[in-house]
Amino acid sequence: MLQGNAAKQIFLFTLPIMAGNFLQQLYNTVDGIVVGQFVSEAALAAIGTCAPVTLLYLALALGLSTGSGIVVAQYYGAGQKKDVRDAVSTSLVLLFAVGVVFAVIGALVAKPLLRYGLAVPDAELDMAVAYLRIYCIGLVFQFLYNIVAAVLRALGDSKATLYFLLISSIINIVLDLVLVIGFRAGIVGAAWATVIAQACSAFVSLLYMYRRYVDLRFRLSTWRFSREKCLMSLRMGIPTTLQQGVVSCGHMALQRLVNSFGVQFMAGYTAGTRLESYLVIPALAFMIGLSTFAGQNIGAHNIDRVREGYRKTLIMTLGSSIVLSAIALLFAKPLVMLFGVEGESLAMGIGYLMLVAPFFPIFALYQAAVGVLQGAGDVVFTMFCTLTSLGLRIVVAYVLAGYTPLGYRALCISMPIGWGYVLILSFWRYWRGKWKEKAVV
């Protein structure tokens, strides 16, 4: 990533990440389709209402992994191999320990969190609790996989994560069909399918890293936990983790509002958001690719190359987002119908998707700027942008839902308002150039 055609390198690096994100969303979608078609709309609603909580745990894993990835990428760009090795071994220990802690905590607080935090209706509560508790068992594997994936991306190896997710997706889909349809295990079967798939993904990724990179073949005699590297990774990761954690809590607040509209909208909203997750794939993948590109080139003091990469990424991410948004608008009804919803639930799912799809290019534009800022280590500012944007969205959603006849449409309208606000902030920060002073090495 330090020389050659910037656009080509970012695109080729991002493509496997994009494909991997697609696979990850695919098995989430299959979960929803199988449960909606072969269990019930109530079961689909139960899985959907757990989504903000599962996203919170994923956010913790991604945030801490992102911090470690920034450190590894900058050490790698600076050619400091020993520091790369120490940072990787430290991050593996850190993420494994955090995964164990949250697996235990998550299982213990599942019921009160869903009942009192998300106000899940009694009819769906038991199913949601059963799903979430089983899901928490897999958190250790989720944390391990994400740190290995972040390390590999920091080293410029994004293709490997695609293969891991391909294996995981196939296992998840097959187990969904076997457990939910074949053994009629219902929502519990869907949860176990996810946990087993995550465990396989973690194991395969660790094995690949051990066999592919000689310097990362850790043994007990060579394993090192560096307090300095741990603190550095936390310094880079905690702002992003807090950012994503608060974002997930904000989504819980939004989910609570969703639950207030009844099970029909809960089911329709779940279908709509499952489809919405595909619209953000290009923007998020290009953000990760540009972040790694920026991290390596800032470590090598190639600031002009970072600017070139940013300009090229803007064009690629905007174009892909426009295409996907158009597809969602044209095929909204048949796509929502895949989840087995009908009647009012179907109408609400279609309405949600039609209202939010046109605005995803705004999301793509601000994610490109975030890629540069995160790669540079300017994570505190990106945290500020995201948190204030989400706060604005929550306030707008609750005010419009409570004091206007918009109903569930208030959730849709609040989204582009929050994105437009953060787009202005991130562009302003990039053009001021303060991110160039944030490098950690």
Side-chain angles (χ1 to χ4, degrees), residues 22-55 57-58 99 103-104 106-108 110-111 113-115 118 120-145 163-205 263-264 266-271 273-275 277 335-342 345-346 349:
F22 174 81
L23 290 172
Q24 200 165 33
Q25 294 303 330
L26 180 63
Y27 69 68
N28 288 334
T29 302
V30 171
D31 271 354
I33 291 174
V34 170
V35 169
Q37 292 279 2
F38 297 97
V39 185
S40 65
E41 280 192 4
L44 176 63
I47 287 183
T49 204
C50 288
V53 185
T54 60
L55 286 175
Y57 297 132
L58 179 60
V104 174
L108 292 175
K111 188 167 186 175
L113 180 59
L114 290 170
R115 169 174 281 171
L118 292 176
V120 177
D122 290 339
E124 288 75 44
L125 182 61
D126 287 342
M127 287 188 290
V129 170
Y131 180 87
L132 186 57
R133 282 178 173 163
I134 295 170
Y135 180 92
C136 287
I137 295 173
L139 288 179
V140 176
F141 309 119
Q142 186 180 91
F143 275 67
L144 277 176
Y145 166 74
Y163 304 141
F164 307 150
L165 286 171
L166 177 60
I167 294 170
S168 176
S169 298
I170 292 172
I171 292 172
N172 196 317
I173 291 170
V174 170
L175 288 177
D176 266 334
L177 298 174
V178 171
L179 295 176
V180 178
I181 300 176
F183 287 92
R184 299 186 181 279
I187 198 170
V188 170
W192 278 116
T194 300
V195 170
I196 295 169
Q198 288 175 339
C200 292
S201 184
F203 174 77
V204 172
S205 63
V263 68
Q264 286 80 18
M266 290 170 65
Y269 180 80
T270 299
T273 52
R274 286 287 194 271
L275 295 168
S277 64
L335 288 172
V336 175
M337 288 178 67
L338 289 173
F339 292 84
V341 294
E342 47 190 35
S345 297
L346 175 62

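- Heavy atoms only, all atoms of each residue included: G48 and P52 are closest at O-CD, 3.7 Å.
- In this structure, V263 and A45 approach most closely via the heavy-atom pair CG2-CB, 4.0 Å.
- With hydrogens and angles ignored, the 3.5 Å screen pairs a side-chain donor or acceptor of T54 with a backbone N or O of A51.
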Next on the checklist: What verdict does the side chain to side chain contact (heavy atoms under 4.5 Å, CB included) test give for V35 and F339, after you've listed the backbone C-alpha separation in whole Å, the side-chain angles of each residue and the deciding distance to 0.1 Å?
Outcome noted: CA-CA 8 Å; V35 169; F339 292 84; over 6 Å; no

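- Counting only distance, with no hydrogens or angles, the side chain of S345 and the backbone of A267 share no donor-acceptor pair below 3.5 Å.
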Checklist entry - So R274 and L338, side chain to side chain contact (heavy atoms under 4.5 Å, CB included) or not? Walk me through it. => result CA-CA 11 Å; R274 286 287 194 271; L338 289 173; over 6 Å; no

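- Qualifying side-chain contact (heavy atoms from CB on, under 4.5 Å) partners for Y163, counting only residues two or more places apart in sequence or in other chains: K159.
- Between the CG atom of L118 and the CG atom of L125 there is a distance of 10.0 Å, given to the nearest 0.5 Å.
- Taking CG of L175 as the start and CD1 of I170 as the end, the distance is 11.5 Å to the nearest 0.5 Å.
- Note that the CG atom of L44 and the CD atom of Q37 stand 10.0 Å from one another [nearest 0.5 Å].
- Separation of atoms CG (L346) and CD (Q264) is listed at 12.5 Å; rounding is to 0.5 Å.
- Contact detail for K111 and V129: the closest heavy-atom pair is CA-CG2, 3.8 Å.
- For the atom pair CG (L114) and OG1 (T49), the distance works out to 6.5 Å, reported to the nearest 0.5 Å.
- Looking at heavy atoms from C-beta onward, T29 lies out of side-chain contact with F22 at the 4.5 angstrom threshold.
- One distance of note links CD of E342 with CD of E41; it measures 6.0 Å at 0.5 Å rounding.
- Legend: side chain to side chain donor-acceptor pair (under 3.5 Å) pairs involving residues 127-143, not counting sequence neighbours, sorted by first then second residue: Y135-Q142.
- Closest heavy-atom contact between A128 and C50: O-SG, 3.3 Å.
- Counting heavy atoms from C-beta outward, L26 and I173 have side chains that approach closer than 4.5 Å.
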Below 3.5 Å, can you tabulate the donor-acceptor pairs from side chains in residues 176-205 to any protein atom, sequence neighbours excluded?
residue : atom : partner : partner atom : Å
T194    : OG1  : D31     : OD2          : 3.3
T194    : OG1  : A190    : O            : 3.2
S205    : OG   : S201    : O            : 3.1
S205    : OG   : A202    : O            : 2.8

